**Student:** 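Sending over a structure as structure tokens; questions will come in a sec.
Please read all numbers here as calculations on a predicted model, not as lab measurements. FYI, side chains are in, hydrogens and waters are out, and symmetry mates aren't considered; it's all heavy atoms of this structure. Per chain, numbering begins at 1; letters A, B, ... match sequence-line order.
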Amino acid sequence: MILVIAEKNDAAKQIARLLSESGKPKNDKVYDTPIYRFRRGGEDWVCIGLRGHILAPDFPTALQYAPDQGWFSVTEDGEVLPASVPENLDRPPFSGANQVTKAGKPKKPFTADGVDIKGWKVPSLPYLVWAPVEKKPAEKGIIRALKNLAKKADEVIIATDFDREGELIGSDALAMVRDVNQTAPALRARYSAYTKQEIEHAFDHLVELDQDLADAGESRQYIDLIWGAALTRYLTMAKFGGLGNVRSAGRVQTPTLALVVAREKERQAFVPEDYWVITGACSKGGEPFKVGHTKGRFWKKDEADAAWARVQDAKQATVTDVAKKSRKAQPPAPFNTTSLQAAAAAEGLAPGRTMRIAESLYMDGLISYPRVDNTVYPSSLDLKAQVKMLKGVPAYGPACDKILAGGQIHATRGKQESTDHPPIYPTGVGDPDKLDPAAWKLYNLIARRFLATLMDAAVIEGTKVSLDINGEPFSAAGDVLAYPGYRLAYPYGMKKDEQLPELATGDVVAVDSLSLDAKQTEPPARYSQGKLIQEMEKRGLGTKSTRASIIDRLFDVKYLKNNPVEPSQLGMAVIEALHEYAPTVTTPEMTSELEESMTHVAEGGLTESQVVDQSRALLAGMMDSLIEHKDDLGNAISDAVTADARVGTCPKCGKDLVVKDSPRTRSRFIGCMGWPDCDVTYPVPGRNGDKIEPLDEPCPECGAPRLRVKPFRSKAYEQCVNPQCPTNVEEDVVVGTCAACAEAGRHGDLVAHKSERTGKRFIRCTNYDECGTSYPLPARGKLSATGETCEHCGAPVVEIETERGPWRICVNMECPGKAEKKAAPRGRGRRASK
DNA sequence: GCAAGGTC
């Protein structure tokens, strides 16, 4: 039997299909892992797909020391791994007097045998830097299936992806095979497209596995782990902030954070400049249009004033020139991962979320493989068939017909061409009623993008009108979509038409309004998540598969907040600290230098251990100075954490009030840093996921801090944190009678009132102990009784003054009337919907 | 409780 090992199930399926003589391999399973059996050249073949890397590098639990053999560790399997601990550390650390407890026992993290490197103790970190790394099984089910097949294999073919990580994945898989089968010859198939010709050719021209290339990949793994683990443990333990408060660092995440911090510093250093503009509106025959002084920005106030003095009382303007120019907007290139993430981010989907949704659309057969660099459709892709298929989505009908009517289909091409996977395109018919709104949004974007890449350029007719107002030059510009082209399918990011009335040189038009406005230049904008992804790609940080999750990680460890992306005080402090003592890890150069080293390993000039040890030595020097400055750094970090949590000043004792986590009740509250001397606490306003931001001025009524609360997907409001504050007092309102109590033959009033303890308002029956009736408030705002009861459930109907005006609603959140409303089709986004 | 890279 010939065993073929692919990188993923999807690839295994394709390879089996293309190699099998019948074209129909037999689906089978070993334990839970799908495999594909087929016949070829008179032999039985089996193809298995892995799940990417099946082994993960990790540290052993302890470093041991023996006078005759130095430092070493022992794996679970009893294998002895020597550590490359250098001379200055090459002695048992527990011999030092300060490393021993009063009782004479060695201090943690040092054990009698050596160093406990599993505990995250700072003194163990110099040893961690030199600890051996072992490969542990990460995909036990797959490994079990692989070994089961390998036992029976007469020949093994590694058919993982044709790149460095693929070579490493294949090499790890071969190591697993060798555990159970030492004799079967193993060869490598190298292919870069799932086409019959390419796959046949690869399997007819098998080569040796490139161990140097795999070693290059493994050095990358080791260096990332060693630096990441050592720096993460250091940052976390320099000032331990309690469980679940990991402060991470890494070759990709730290330079990415540094980008955001650098932009924030630029903004802080920005000095706004004053300028003035003169703008207004003119009209011809009642049709208004916008005009502006051709100077645009006046940088000198006297010049602006002089121009303003000439035009401020003007009633008429004369058209001095009309220039028309049409321009073409070319259709966009096919989507790869990065361009999809950027486009989806502009539609409100963060890259991490985009990838999670894309994965599920892919699994449901609605889109092609979502992790690609390629932006050129392969010739093997039947574009016409895909368009015909997309006619199944009613909204795409007109665009599909237009494409199909044009005869030969021409697709746009992007700059990146590789042949591993096609660009991202729709492979199935999506249904807006079956997909959840976010999934539909992404599918719709992908499908429309695909159609757009097959359509004509759009033509925009631009008109530039020059006007004279009392001797001052003004202009007006109009843009009209004259021919929609690809815009018929792809309205994303489209500007609204700026329509001008029909104007000719010499026309005299009315000046309706003019104004002189003082403005200031703006600091450089913060990164959106889409822009940050693009910036990472530009600087060689991360890969298409990792960038989104690395940004998510920076949010998880609270280095980043908000969108557009902003660093927290903690994020800034971490960058400052690492910039000072471990600058290597804060810049993209670490990645480019690593790439260079890996090239040396792949070409055989350097060995894996040479490159890794070099990197360990560099880190060791930095770790020494980090440990030397541990207290400074720990304090800077804990100050930053406090600053991030700070909401204001305690009105009682003047110390900081901060948001604290109550581990006991798993909830948050606002407490005084002066605790236990000061007992001031407040509830956190709003609901749990709401974003809160402290306001500069304390409450004028009670002196407690005021916060800006931004609930998810609704408008922000400002509120004093003190529930007893007069600004927060809301009278109890009787909204109706309790139906449950009436049924039980007693009387109960439903009253909207506020909890003393939490400051949250809710509706509750005066006989709550007996009937248990209570409702949350349907919305924030002044509430009044209407005397009406709900036609669906009999609960009282109240009126609430919301920001959008008065709103009548039944107080019962489980009211069947609400369920009906929810099931009814809702209006979708502004554009590009069904 | 660490990274980054694959993939689910």
Side-chain angles (χ1 to χ4, degrees), chain A residues 5-12 32-34 49-59 117-122 124-125 128-129 131 133 135-136 138-139 141-142 160-173 214 216-238 240-257 337 355-364 369-372 420-421 536 540-554 556-557 585 590-591 594-595 598 612 615 619:
Chain A
I5 303 170
E7 188 155 320
K8 47 187 171 276
N9 180 44
D10 200 60
D32 273 340
T33 303
L50 307 175
R51 222 128 74 190
H53 295 280
I54 54 170
L55 301 182
D58 198 5
F59 296 109
I117 52 175
K118 261 297 190 245
W120 289 29
K121 295 288 167 21
V122 171
S124 76
L125 295 181
L128 182 73
V129 169
V133 179
K135 287 272 190 98
K136 290 180 181 164
E139 293 289 345
I142 299 265
T160 47
D161 292 357
F162 184 14
D163 52 29
R164 189 168 53 219
E165 294 297 327
E167 210 72 12
L168 173 57
I169 290 164
S171 159
D172 285 347
E218 202 172 64
S219 1
R220 197 267 318 142
Q221 280 190 322
Y222 286 17
I223 290 169
D224 280 342
L225 174 66
I226 295 164
W227 281 72
L231 293 174
T232 298
R233 290 181 187 192
Y234 173 83
L235 290 172
T236 306
M237 304 313 290
F240 187 52
L243 256 90
N245 281 304
V246 169
R247 291 186 278 267
S248 59
R251 173 177 58 84
V252 178
Q253 62 169 267
T254 304
T256 303
L257 173 60
T337 303
M355 293 316 285
R356 284 188 291 277
I357 298 170
E359 185 66 38
S360 77
L361 289 174
Y362 165 63
M363 282 300 156
D364 290 344
Y369 190 69
R371 286 180 288 271
V372 281
D420 49 350
H421 295 281
M536 290 173 78
L541 293 171
T543 73
K544 57 187 183 294
S545 322
T546 60
R547 286 182 200 115
S549 62
I550 280 166
I551 293 176
D552 283 351
R553 174 78 185 151
L554 293 172
D556 283 350
V557 294
V585 79
M590 182 167 174
T591 294
L594 180 66
E595 287 288 342
M598 283 195 291
V612 174
S615 185
L619 174 63

**Student:** Which nucleotide sits closest to the side chain of A:Glu7: B:dC2, B:dT7, B:dA4?
**Tutor:** B:dT7
**Student:** Would the base of B:dC8 count as contacting A:Glu139 through its side chain, where contact means a donor and an acceptor less than 3.5 Å apart?
**Tutor:** yes
**Student:** Under 4.0 Å, heavy atoms only, any strand: does A:Arg233 hit a base, just the sugar-phosphate, or nothing?
**Tutor:** base
**Student:** How many whole angstroms separate atom CG of A:Leu257 from atom P of B:dA4?
**Tutor:** 11 Å
**Student:** Between atom CZ in A:Arg164 and atom P in B:dA4, what is the gap in whole Å?
**Tutor:** 15 Å
**Student:** At under 4.0 Å between heavy atoms, what does A:Ser545 touch on the DNA or RNA strands: base, sugar-phosphate, or nothing?
**Tutor:** base
**Student:** Which of these nucleotides, B:dA3, B:dC8, B:dG1, is closest to any side-chain atom of A:Met237?
**Tutor:** B:dG1
**Student:** Within the 4.0 Å heavy-atom criterion, would you say A:Gln221 contacts the bases, only the backbone, or no part of the nucleic acid?
**Tutor:** base
**Student:** Would a distance-only check, ignoring hydrogens and angles, find a side-chain to backbone donor-acceptor pair under 3.5 Å from A:Thr236 to A:Ser248?
**Tutor:** no
**Student:** Looking at the base of B:dC2, is there any donor atom on it, or on the side chain of A:Asp58, that sits under 3.5 Å from an acceptor on the other one?
**Tutor:** yes
**Student:** Looking only at the side chain of A:Ser248 (C-beta and beyond, no hydrogens), which of the listed nucleotides B:dC2, B:dG1, B:dA4 gets closest?
**Tutor:** B:dC2
**Student:** Starting from P on B:dG5, measure out to CG on A:Leu541 and report it in whole angstrom.
**Tutor:** 9 Å
**Student:** Using the rule side chain to side chain contact (heavy atoms under 4.5 Å, CB included), only one of A:Thr160, A:Ile54, A:Leu55, A:Asp161 pairs with A:Ile169; which is it?
**Tutor:** A:Thr160
**Student:** Of all the nucleotides listed (B:dC2, B:dG5, B:dA3), which has the minimum atom distance to the side chain of A:His53?
**Tutor:** B:dG5
**Student:** Atom CG in A:Leu125, atom CZ in A:Arg233: separation rounded to 0.5 Å?
**Tutor:** 7.0 Å
**Student:** Please answer whether the main-chain N or O of A:Leu235 pairs with a side-chain N or O of A:Arg247 as donor and acceptor at a distance below 3.5 Å.
**Tutor:** yes
**Student:** Ignoring backbone atoms, test whether A:Ser549 places a side-chain nitrogen or oxygen under 4.0 Å from the OP1 or OP2 oxygen of B:dA4.
**Tutor:** no
**Student:** Would you mind telling me which of B:dC8, B:dG6, B:dG1 lies closest to the side-chain atoms of A:Val246?
**Tutor:** B:dG1
**Student:** Stacking between A:Trp120 and the base of B:dG1 (centre distance under 5.5 Å, interplanar angle under 30°)?
**Tutor:** yes
**Student:** Describe the nucleic acid contact of A:Ala230 in one word from base, sugar-phosphate, nothing, applying a heavy-atom distance below 4.0 Å.
**Tutor:** nothing
**Student:** Reckon A:Arg251 has a side-chain N or O less than 4.0 Å from the OP1 or OP2 of B:dG5?
**Tutor:** yes
**Student:** Identify which nucleotide among B:dC2, B:dG5, B:dG1 has an atom closest to any side-chain atom of A:Thr236, counting heavy atoms from C-beta outward.
**Tutor:** B:dG1
**Student:** Calculate, to the nearest 0.5 Å, the distance between atoms CG and CD belonging to A:Leu541 and A:Gln253 respectively.
**Tutor:** 11.5 Å
**Student:** If you check the A:Lys8 side chain, which of B:dC8, B:dA4, B:dA3 turns out closest?
**Tutor:** B:dC8
**Student:** How is A:Leu243 classified with respect to the nucleic acid when contacts are heavy atoms under 4.0 Å: base, sugar-phosphate, or nothing?
**Tutor:** nothing
**Student:** With a non-hydrogen cut-off below 4.0 angstrom, is A:Gly49 in contact with a base, only sugar-phosphate, or nothing?
**Tutor:** nothing
**Student:** Atom CG of A:Leu231 to atom P of B:dA3: distance rounded to whole Å?
**Tutor:** 11 Å
**Student:** Heavy atoms from C-beta onward define the side chain here; which of B:dG1, B:dG6, B:dT7 lies closest to that of A:Tyr369?
**Tutor:** B:dT7
**Student:** To the nearest angstrom, how far is A:Glu165 atom CD from B:dT7 atom C1'?
**Tutor:** 12 Å
**Student:** Where is the tightest heavy-atom contact between A:Pro370 and A:Ala358, given as atom of each residue plus distance?
**Tutor:** CB-CB, 3.8 Å
**Student:** Which is more 5' along DNA chain B, the nucleotide nearest A:Gly542 or the one nearest A:Met363? Just name the residue.
**Tutor:** A:Gly542
**Student:** Rounded off to whole Å, could you give me the CD1-to-C1' distance for the A:Ile551 and B:dA3 pair?
**Tutor:** 16 Å
**Student:** Among B:dG5, B:dT7, B:dA3, which nucleotide sits nearest the side chain of A:Arg220?
**Tutor:** B:dG5
**Student:** Is a donor on one side and an acceptor on the other found under 3.5 Å between the side chain of A:Arg220 and the backbone of A:Leu594?
**Tutor:** no
**Student:** Which whole-number value in Å describes the distance from A:Leu619 CG to B:dA3 C1'?
**Tutor:** 12 Å
**Student:** Whole angstroms only, please: what is the CD-C1' distance between A:Gln253 and B:dG5?
**Tutor:** 14 Å
**Student:** Could you tell me whether A:Gly250 contacts a base, only the sugar-phosphate backbone, or nothing, with contacts defined as non-hydrogen atoms closer than 4.0 Å?
**Tutor:** sugar-phosphate
**Student:** How would you label the contact of A:Asp10 with the nucleic acid (heavy atoms, under 4.0 Å): base, sugar-phosphate, or nothing?
**Tutor:** nothing
**Student:** Want to settle it: does A:Asn245 or A:Thr543 sit nearer the 5' end of DNA chain B, counting the closest nucleotide to each?
**Tutor:** A:Asn245
